[in-house]
2 protein chains.
Amino acid sequence: MEASAALNIFRKYLERFVVFNEAEWIVFTQHLSFSSLKKKHYFTEPGKVCDKVGFIVTGAVRYFHIKDGEDITGYFSFENEFVSSYKSYLTGLPGYTYVQALEDTKLITFTRRDMEQMLANPMLAYKMERFGRLVAEHYLCCYEDRVISFLTQTPEERYLQLLSTGKEILQRMPQHYIAHFLGITPVSLSRIRRRVMVSSA
Amino acid sequence: MEASAALNIFRKYLERFVVFNEAEWIVFTQHLSFSSLKKKHYFTEPGKVCDKVGFIVTGAVRYFHIKDGEDITGYFSFENEFVSSYKSYLTGLPGYTYVQALEDTKLITFTRRDMEQMLANPMLAYKMERFGRLVAEHYLCCYEDRVISFLTQTPEERYLQLLSTGKEILQRMPQHYIAHFLGITPVSLSRIRRRVMVSSA
DNA sequence: CTAAAACGTTAACAAAAGATAAGAAAAGAC
DNA sequence: GTCTTTTCTTATCTTTTGTTAACGTTTTAG
């Protein structure tokens, strides 16, 4: 995909948050970069400050942590979604999360420095504050749902809910990643799947 | 506590997000209300749109869900903290959460309508967008940590971490609320406490 | 194409958590 | 103060999950 097509897709996506006029868009795009991430390469790693946000044009990434030497996948992002180690990006402190490309991935990125410049630019400041607010609110709602699911649902219930809402994750992610995403081990998910199979047969 | 003292505390608290000048503060405060919530009364309930955000001047609240007829406490807010059913507030859709006063609680509140008016008021718009962004980002970071704790930590590890960081919750909340907050049953938390006792003795 | 790595299932066992009930202690209501 | 409710612990039993390992299959890398 060529850059201008990717930018148009990005612009269209952003309209769910803010709509830029032509003059604003020109300035905004001056702060954007294009980058590629080969499969298995890292968008960010623990100990590093994740100083950027990416928009995935093509590809997919997973977020994971290492716990006792083992790799725990916590989340995924796909085409037309943002990717970042948000807390690290927002606080400017080193993160604890690996973010890794699962396929060759093409991104549009802006750095925290870019965002700060736009927030300091009277032409864009208001719209960028609003943009930041709406994006943060969007993710806040996602996180609220997810925390509630850990509090009030069993792993089996979380899996059944994913079956009904998580088409893309189920189709594109190996099962052991999905297991950790649900907060359980791959072996346990395999058992849950058998239970669900049997009881619905 | 009298209203002006409460407002001063609120203003001081808000400075971690935005600083209002005198003219702005006057307009801002015109959108604030004072309210009281008797112990065990509800700030919001499932099925209702939570159309407001509160700032707790004195008192405390807990957030909970009913699952299979049982009461699952998910979170707490204390003095000098905001309280809302955030997703419901942000989306304008009915929520699923009870928010209940644990003690007689005094609040400063503003409604979504108030916020929308301020966001539409050129005098305040920019600062309120920024305020909303920074508050949402703050809670986003809290939620990120909490989700990661569910993915990478055992209940015992979550409890030990709470011991080292959650002074106020531990001091002020009964243990069965804390258990659900950690994602386990009260009986299980009691066992964990015994395990921890024994192994550290 | 071939070797190696990754993936999913199953089994066996251990550890932990859930459910239920009972009893003691503490807190709250009147 | 007394009575009631709430809270916490403990015990028993069941269910679920974790751990480890084995096995067959699929995918990937060179």
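Per chain, numbering begins at 1; letters A, B, ... match sequence-line order. Just so you know, these numbers use all the heavy atoms, side chains as well, and skip hydrogens, waters and symmetry mates.
Not counting sequence neighbours, the partners of B:Phe10 by the ring pair (Phe, Tyr, Trp, His ring centres under 6.0 Å) test are B:Phe55. When the side-chain contact (heavy atoms from CB on, under 4.5 Å) test is applied to A:Val18, the partners found at least two apart in sequence or on another chain are A:Phe20, A:Lys127, A:Arg130, A:Phe131. The salt bridge (charged side-chain N to carboxylate O under 4.0 Å, His left out) search around B:Glu116 returns B:Arg112, not counting sequence neighbours. In this structure, the salt bridge (charged side-chain N to carboxylate O under 4.0 Å, His left out) partners of B:Lys38, at least two apart in sequence or on a different chain, are B:Asp104.
Rounding to the nearest 0.5 Å gives a distance of 14.5 Å between OH of B:Tyr98 and SG of B:Cys50.
Taking five base pairs at each end of the helix from C:dC1-D:dG30 to C:dC30-D:dG1 and finding the rotation axis that steps the C1' atoms of four pairs onto the next four gives two axes whose angle is 70°, to the nearest 10°.
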field: Protein-to-nucleotide contact annotation, 5' to 3' order, nucleotides 16-24 of chain C [B base; S sugar-phosphate only; - none; under 4.0 Å, heavy atom]
entry: -BBBB----
task: Any chance you could list the contact pattern along nucleotides 25-30 of chain D? Use B for base contacts, S for sugar-phosphate-only contacts and - for none, protein heavy atoms under 4.0 Å, 5' to 3'.
output: ------
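Checked for salt-bridge contact, B:Glu156 and B:Arg194 miss the test: no charged N lies under 4.0 Å from a carboxylate O.
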Compile the donor-acceptor pairs under 3.5 Å between side chains in residues 62-69 of chain B and protein atoms, sequence neighbours left out, one pair per line.
| from | atom 1 | to | atom 2 | distance (Å) |
| --- | --- | --- | --- | --- |
| B:Arg62 | NE | B:Gln100 | OE1 | 3.2 |
| B:Arg62 | NE | B:Tyr177 | OH | 3.4 |
| B:Arg62 | NH1 | B:Asp71 | OD1 | 2.8 |
| B:Arg62 | NH1 | B:Asp71 | OD2 | 3.4 |
| B:Arg62 | NH1 | B:Thr73 | OG1 | 2.7 |
| B:Arg62 | NH2 | B:Asp71 | OD2 | 2.7 |
| B:Arg62 | NH2 | B:Gln100 | OE1 | 3.3 |
| B:Tyr63 | OH | B:Ser77 | OG | 3.1 |
| B:His65 | NE2 | B:Thr97 | OG1 | 3.2 |
| B:Lys67 | NZ | A:Thr152 | O | 2.9 |
| B:Lys67 | NZ | A:Glu157 | OE1 | 2.5 |
| B:Lys67 | NZ | A:Glu157 | OE2 | 2.8 |

Distance-only donor-acceptor hits, side chain of residues 28-36 of chain B, under 3.5 Å, sequence neighbours excluded:
| from | atom 1 | to | atom 2 | distance (Å) |
| --- | --- | --- | --- | --- |
| B:Thr29 | OG1 | B:Trp25 | O | 3.0 |
| B:Thr29 | OG1 | B:Ile26 | O | 2.9 |
| B:His31 | ND1 | B:Asp114 | OD1 | 3.0 |

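Using a 4.0 Å cut-off on heavy atoms, the residues of residues 173-181 of chain B that approach DNA chain D are B:Pro174, B:Gln175, B:His176, listed by number.
We find that CD of B:Glu157 is positioned 18 Å from P of D:dT17, with the value rounded to whole Å. Counting to the nearest Å, the P atom of C:dC7 and the CG atom of A:Leu170 are 16 Å from each other. Whole-Å rounding puts the A:Arg62 CZ to C:dA6 P distance at 11 Å. The CG-C1' distance, from B:Leu151 to D:dG18, rounds to 16 Å in whole Å. With rounding to whole Å, A:Arg193 atom CZ is found 10 Å from C:dT9 atom C1'.
Legend: salt bridge (Lys or Arg N to Asp or Glu O under 4.0 Å) pairs involving residues 77-90 of chain A, not counting sequence neighbours, sorted by first then second residue: A:Glu79-A:Arg172, A:Lys87-B:Asp145. Listed by first and then second residue, the ring pair (Phe, Tyr, Trp, His ring centres under 6.0 Å) pairs that reach into residues 136-160 of chain A are A:Tyr86-A:Tyr139, A:Phe150-B:Phe150, sequence neighbours excluded.
Cation-pi geometry between B:Lys48 and B:Tyr42 is not satisfied (NZ or CZ under 6.0 Å from the ring centre, within 45° of the ring normal).
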message: Using salt bridge (Lys or Arg N to Asp or Glu O under 4.0 Å), reason through A:Glu137 and A:Arg133 one step at a time and then give a plain yes or no.
response: CA-CA 6 Å; A:Glu137 287 176 359; A:Arg133 173 172 73 87; 3.2 Å; yes
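Counted within 6.0 Å of OH on B:Tyr96, heavy atoms from surrounding residues, nucleotides or ligands total 12 or fewer; the atom is thus considered open.
Regarding contacts with the backbone of D:dT10, a side-chain N or O of B:Arg194 is found under 4.0 angstrom from either OP1 or OP2.
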